[in-house]
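I have placed the structure first, in the form of structure tokens, so that the comments after it can refer back to it.
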Amino acid sequence: MGGRKKTLMGMAALMLLTAPTGAQSWAADGPDTVELGSLANHYSAVTFDHAMHVGVAASCAECHHHTTGLAPTDPNCVRCHEAGAQAQSVACKDCHSDKRFSAEDLEKTGGNPQLYHKGKPGLKGAYHQKCLGCHTTMGGPTGCQDCHTRNDQGDAFFHSGKYAPAPKASGGHGGGH
Amino acid sequence: MKKLHRRSFLKGGLVGGAAIAAVGTSKHAEAAGSFGGYPDSMGVLVDLTKCVGCRTCEAACNKEQGLPAPDKSFDDPSVFEEKREGGLPRRTTEKAYTVVQKYDVPGREHPLFRKVQCNHCNEPACLTSCFVNAYKKTPEGAVMYDPTVCVGCRTCMVACPFYIPAYSYSSAINPVVKKCIMCYDTRLKFGKPPACVEACPQEVMTFGKRKDLLKLAHQRISEKPDAYVDHVYGENEVGGTAWMYLSDVPFDKIGYDTHLGDQPIISYVKEFLAIVPMVLTIWPALFTGFHLLSNRKDGLKNEDNKS
Ligand code: SF4
Ligand code: SF4
Ligand code: SF4
């Protein structure tokens, strides 16, 4: 009983948090910039220039799929999501989980026989697949540090910058020439 | 000079010893072939079409597994040009449980990158070939190795169809084999995805129950038949593996062995390895056994004839 009550209360709280964003004027125009901080442990947050990309993209659906009420550009999506109603939220993070592969996420996706989009990427995957996919075909920047400023923790993680290994005198074994 | 491939060597061993193997061990092979892995074991689906070769997975593995500092930075792309003997790309070592390889595929606009690590076979050849049982397949799917019982014979290295276990020469007194453990003790055991899976910016790897991943893999292929070859590598290879792959380039063009067959390697290795000590140690006893066996059979026949 108590557990169920908690869940209901949690859901109500969640709705309170998410409902207002759905009602905002996304359709008319998006935000100018969006802070993307999901890799904050190795890189400083990226300020995404939304306004600039609106000018470059052929349609909002290029990135937002069917959520803006426009016909999606992927013929696979059109099979179910024809142009129609605008979704409650068009923000990436409201559909693409930032806790991908957590126990809850696996239960929600793998454990749900009704769900079609079982392989929906998490937030980080969604960003990178969209950004790099388009940048590759359109000739945009594709190097990690073209968009991300790496921090000291990131340098240590990649054994780069001041953490770079000292160059070996000879080739060393295993590496080859 | 023709180089002897280590797998052909094993198969050769089987043919050579087939006469003896047929006597006692063929039952093992049948039993193994029908196991098919733990029903709820976890796996990883690697979509090679999405990999950009950033090597974040290698850095994540190094950190998670507490491996020694690499020879070159993890953001140094020059490693892709490193070649082993025979022009082969770099492979896993005792200092790197996973490596990303680069393939320039004719006709493909961009190079293809391929992450290599232990595939955590349903019926691992490393495990079945080890005569001190240093390996274990956990119900979660990871193939683990116990250095405390390993005697350093390196049979597992020869048996692995994917050339994964690496030998650490750093300690001559306590030599150990090193390989990817699917982050079992720090992550998998607690239901968390491996470090490399979580770190990958492109979400090249999908973590989940192996049986769910298989459905997902086939769904991806059927949704985009032009984007993938119709093959999930690891679905059936050597009896199935926990790590499976999708690609837009035929697997044999990017370094995957497509001639391994669907039978677990146990089917040949176990027999081959069982023969070696048997031949050396109990050869006389074996012949006595044959003799007794045929006498007994004759005896039974006589009984039959009587009734
Ligand atoms: S982190 Fe992901 S995209 Fe980068 S090399 Fe590894 S598998 Fe490929
Ligand atoms: S890939 Fe090789 S080392 Fe890994 S489980 Fe299979 S046989 Fe063992
Ligand atoms: S699963 Fe863990 S041990 Fe294996 S390659 Fe990935 S990070 Fe390394």
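Not measured: the values here are computed from a predicted model. Chain A is the first sequence line, chain B the second, and so forth, proteins listed ahead of strands; every chain is numbered from 1. Note: hydrogens, waters and symmetry copies are ignored here, and every other heavy atom, side chains too, is used.
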Going by residue number, which parts of residues 113-122 of chain A are within reach of chain B, meaning a heavy-atom gap below 4.5 Å? Tyr116(A), Lys118(A), Gly119(A), Lys120(A), Pro121(A), Gly122(A)
For chain A, which candidate among Asp212(B), Val79(B), Thr56(B) shows the most heavy-atom pairs at distances under 4.5 Å? Thr56(B)
Donor-acceptor check, side chain of His120(B) to backbone of Val143(B), threshold 3.5 angstrom: yes or no? yes
Pairing of Glu104(A) and Lys99(A) as salt bridge, 4.0 angstrom limit: no
Using modelled atom types and a 3.5 Å cut-off, is there a donor and acceptor pairing between side-chain atoms of Arg79(A) and backbone atoms of Asn76(A)? yes
Carboxylate-amine/guanidinium proximity below 4.0 Å for Lys124(A) and Glu198(B): no
Measure distances from Met42(B) to the heavy atoms of chain A and classify the residue's part below 4.5 Å as side chain, backbone, both or neither. side chain
Using non-hydrogen atoms only, which part of Asn62(B) is less than 4.5 Å away from chain A: side chain, backbone, both, or neither? side chain
Just wondering, more than 12 heavy atoms not from Lys224(B) lying within 6.0 Å of its NZ? no
The interface call for Lys72(B) against chain A, heavy-atom contacts under 4.5 Å, is backbone
Flag the pair Lys162(A) and Asp152(A) as a salt bridge only when some basic side-chain nitrogen lies within less than 4.0 angstrom of an acidic carboxylate oxygen. yes
Heaviest contributor of heavy-atom pairs below 4.5 Å to chain A, chosen from His110(B), Lys211(B), Gln219(B), is Gln219(B)
Heavy-atom pairs under 4.5 Å with chain B: which of Ser102(A), Ala164(A), Ser160(A) has the most? Ser160(A)
His128(A) and His148(A): aromatic ring centres closer than 6.0 Å? yes
Between Asp74(A) and chain B, with a heavy-atom cut-off of 4.5 Å, which part of the residue counts as in contact: side chain, backbone, both or neither? side chain
Looking at Lys108(A), I want to see if its NZ is surrounded by more than 12 non-hydrogen atoms of other residues, nucleotides or ligands under 6.0 Å. no
Decide yes or no for Gln202(B) and Asp47(B): does some side-chain heavy atom of the first lie under 4.5 Å from some side-chain heavy atom of the second? no
Test Pro165(B) against every option in Glu94(B), Met157(B), Arg154(B) by the side chain to side chain contact (heavy atoms under 4.5 Å, CB included) rule and name the one that passes. Met157(B)
Okay, Ala96(B) and chain A: the region with an atom under 4.5 Å from a heavy atom over there is neither
Tell me which of these, Gly191(B), Cys200(B), Gly208(B), has more heavy-atom pairs under 4.5 Å with chain A than the rest. Cys200(B)
